[in-house]
Amino acid sequence: MNILSGMEQKIKERIQQAAHTAMGEGKISFETLPSFVLEKPREKAHGDYAVNLAMALTKQARMNPRAIAEALIESFDRSGTYVADMTIAGPGFINMSLDPAWHDQVIPEILAADKDYGRTDAGKGKKIQLEFVSANPTGIPHMGNARGAALGDTIATLLDAAGYAVEREYYVNDAGNQIEKFGDSLQARYFQALGQNVAFPEDGYHGEDITDTVAGYIEKHGDELLGLNEEERKEILVHYALNEKLGVIRGELERFGVKYDNWFYESTLYESGSVMKTLDQLRERGFIYEKDGATWLAATKYGEEKDEVMIRQNGTPTYFAADIAYHLNKFERGFETLINVWGADHHGHVGRMKNAMSALGKNPDSLEVVLMQLVRLFSGGEIVRMSKRTGNYIALGELMDEVGVDAARYFFVMRSADSHLDFDLDLAKSENSENPVFYVQYAHARIASILRQQEGERISANLGLLINPAEIQLIEKLAELPGMIAHAAESREPHRLCAYAHELASLFHSFYGKCRVLNIEPELSAARLELLRATKITLSNVLGMIGVTAPERM
RNA sequence: GCGUUUGUAGCUCAGUGGAUAGAGCGCUAGCCUCCGGAGCUAGAUGUCGCAGGUUCGACUCCUGUCAAGCGCACCA
């Protein structure tokens with residue numbers, strides 16, 4: 001257990017104890033202890049912690065909150081808590097100040113844990129699956145996919161650090177309608193490339209990448225497909241193109257720092273009969289009926305506004321049918337929690353899918369969807385539309401070429417998923433101090449530089465010498481990491497990592513301006529060097545979780 | 001029309017029901033004989049969209065309303 005988290009937990013327990021003790025002594029009365037918070041007050045003058053239990057108890061105890069606070073303080077057992085002083089403030093806060101002796105434990109804890117500092121076992125090894133990006137393999141990843149990749153990967157990293165057993169999965173939509181269209185498009189480009197004047201399907205994939213793919217195929221295999229029938233020709237072209245596209249997608253995502261544990265192919269759901277089996281399960285539960293030659297899901301039976309088609313008149317299952325089977329399959333693989341990262345344009349799908357899981361007897365709360373708002377691209381002050389159909393979009397690869405992986409990942413993770421993101425390409429292209437990632441990386445490089453210059457052997461340090469306010473603020477921020485990670489993981493809010501990294505870097509830069517490290521009294525220098533080592537480890541760990549490098553030099 | 005996300009400083013955005021609402025950029029004024037100035041210090045800037053409600057206490061929760069984004073297919 002981390003020093004800070006352990007201390008906070010103990011104080012909360014003692015507060016609860018104090019309430020029960022005070023009731024036992026007849027000082028206050030209540031039926032059930034209301035929930036309360038132990039928080040760090042914004043104002044340093046209010047101490048290290050504030051507890052609001054006295055105010056939360058006013059109704060049940062029918063007493064002035066300050067009188068309740070007094071009773072709680074009297075009954076509070078301070079032994080082993082580092083609590084040095086307790087005062088009543090404002091409407092009834094109990095403010096606590098701590099014995100600074102706890103600071104001495106922070107740096108040794110970090111140095112001992114090193115790359116593992118920040119990790120906790122809060123998740124108790126629970127199996128969680130994160131599915132993200134899952135871009136159609138008919139194109140290459142765009143900006144929306146990039147945001148999903150950065151967010152999904154960082155949430156997975158957070159959950160891993162918080163002690164969950166995480167699996168990253170990519171759902172490959174290699175079946176269904178869009179693959180048909182894909183085949184039609186490829187075939188048209190194939191004919192065109194070989195000089196035949198054929199019309200291109202209106203709802204086909206107009207992207208130039210399709211033309212390139214076909215050109216590549218012809219280079220290798222010539223015009224040998226002309227003699228085949230349409231079905232065989234399209235199947236060969238689709239197979240070739242999907243392989244190529246998935247290779248590109250996988251490569252670009254890996255370059256972006258994202259590696260998947262599993263690539264799940266939609267087509268396997270059809271081959272294994274899962275789609276039909278899932279429909280059978282729904283039918284047994286009375287949610288399936290036939291109408292107009294199609295098979296319907298009676299979603300209105302469980303409160304939806306309308307029923308959904310599962311199998312079309314032409315006999316092919318809908319995407320929704322396959323997706324229900326896919327999610328059921330995830331549960332069958334033993335995951336207790338499923339998290340999907342979806343673009344806001346799919347938000348209508350969230351309730352439908354949860355209700356469908358519910359209809360199949362699964363707990364809908366075990367399926368979570370992190371909805372991210374769409375990315376709007378700006379260039380020269382104008383919106384750049386991204387559309388696979390017009391082929392006019394900025395690809396992930398292009399983004400990485402222009403702004404670099406570090407800046408791109410930090411930029412996407414920095415903002416909460418539900419903020420509507422305007423991505424200014426001109427701003428992102430300019431590599432200057434406007435980009436906050438440099439600020440954090442600079443702090444790391446600066447520490448590395450000092451540690452490089454440090455001469456002589458590392459002597460054991462007296463950490464009690466670190467009493468400058470700048471040093472104390474830095475130490476206290478360092479101590480927050482494990483709790484921050486656990487909280488960010490629980491709330492699926494990776495942007496907290498960026499906020500923390502920036503705060504930590506800021507405290508370091510401030511410390512640097514106030515406290516010299518080298519060429520001062522050896523004992524103090526040794527203590528500050530330990531502080532720098534701990535800060536460097538912490539910065540490096542946080543940046544690593546975001547997917548950003550922690551450079552030794554810049 | 002129904003659903004959903006957003007609305008906080010000039011701009012981009014943080015903000016566990018708590019005390020005097022924050023950061024970056026930009027702006028103003030300082031700081032390099034000294035460990036990396038991609039930095040530091042200080043300052044100015046607010047009807048937390050609007051109106052009600054809940055409560056000891058609301059930027060935060062609820063209702064309504066206005067504005068913007070995104071959905072509401074036998075597309076995925």
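Below, chain A is the first sequence line, B the second, and so on; all start at residue 1. Since this is a predicted model, take the numbers as computed values, not measurements.
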Over all strands shown, is [X] touching base, sugar-phosphate only, or nothing at heavy-atom distances under 4.0 angstrom?
X	answer
R553(A)	base
Q373(A)	base
A294(A)	base
T316(A)	nothing
N519(A)	nothing
Y512(A)	base
N177(A)	sugar-phosphate
H46(A)	base
N95(A)	base
S449(A)	base
E308(A)	nothing
C515(A)	base
A50(A)	base
Q178(A)	sugar-phosphate

Can you tell me, in whole Å, how much space there is between the [atom1] of [N] and that of [M]?
N	M	atom1	value
rG46(B)	rG52(B)	C1'	23 Å
rC40(B)	rG24(B)	C1'	15 Å
rA58(B)	rA44(B)	C1'	28 Å

Would you check if the side chain of [X] reaches a backbone N or O of [Y] as a donor-acceptor pair within less than 3.5 Å?
X	Y	result
H347(A)	G343(A)	no
Y500(A)	K477(A)	yes
R492(A)	A489(A)	yes
W342(A)	V369(A)	no

**Request:** Would you mind pulling out the nucleotide paired to rG1(B), Watson-Crick or G-U wobble, both distances under 3.5 Å?
**Result:**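 Result: rC72(B).
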**Item:** Partner nucleotide of rA67(B) by Watson-Crick or wobble geometry (both distances under 3.5 Å)
**Value:**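 The base-pairing partner of rA67(B), which may sit in any strand shown, is rU6(B).
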**Prompt:** What's the spacing between E530(A) CD and L465(A) CG if we round to 0.5 Å?
**Reply:**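 The distance works out to 12.0 Å.
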**Fill in**
NE2 (H327(A)) and NZ (K354(A)) are apart, to the nearest 0.5 Å, by 11.0 Å
**Asked** Is H420(A) stacked on the base of rA68(B), meaning ring centres closer than 5.5 Å and planes within 30 degrees of each other?
**Response**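 Given the distance and angle limits, no, they do not stack.
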**Message:** Quick check, does F93(A) stack with rG18(B)? I mean ring centres under 5.5 Å and planes off by under 30°.
**Reply:** no
**Message:** With side-chain hydrogen bond (donor to acceptor under 3.5 Å, both in side chains) as the criterion, how do Q441(A) and D406(A) come out once you've worked through the C-alpha distance, each side chain's angles and the decisive distance to 0.1 Å?
**Reply:** CA-CA 10 Å; Q441(A) 288 182 314; D406(A) 286 348; 3.0 Å; yes
May I ask you to verify if any side-chain N or O of [X] is less than 4.0 angstrom from the OP1 or OP2 atom of [N]?
X	N	answer
S510(A)	rU41(B)	yes
S416(A)	rC13(B)	no
Y439(A)	rC40(B)	yes
H495(A)	rG15(B)	yes

**Prompt:** Between R516(A) and G513(A), who's closer to the 5' end of RNA chain B by nearest nucleotide?
**Reply:**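 Here R516(A) is the residue nearer the 5' end.
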**Message:** For a quick check, tell me whether the side chain of N52(A) and the base of rG18(B) share a donor-acceptor pair closer than 3.5 Å.
**Reply:**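 Checked by distance alone, the answer is yes.
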**Prompt:** Is a donor-acceptor contact shorter than 3.5 angstrom present between the side chain of H346(A) and the base of rG71(B)?
**Reply:**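 Side chain to base: no pair below 3.5 Å.
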**Asked** Does rC32(B) fall in syn (glycosidic angle within 90° of 0) or anti?
**Response** syn
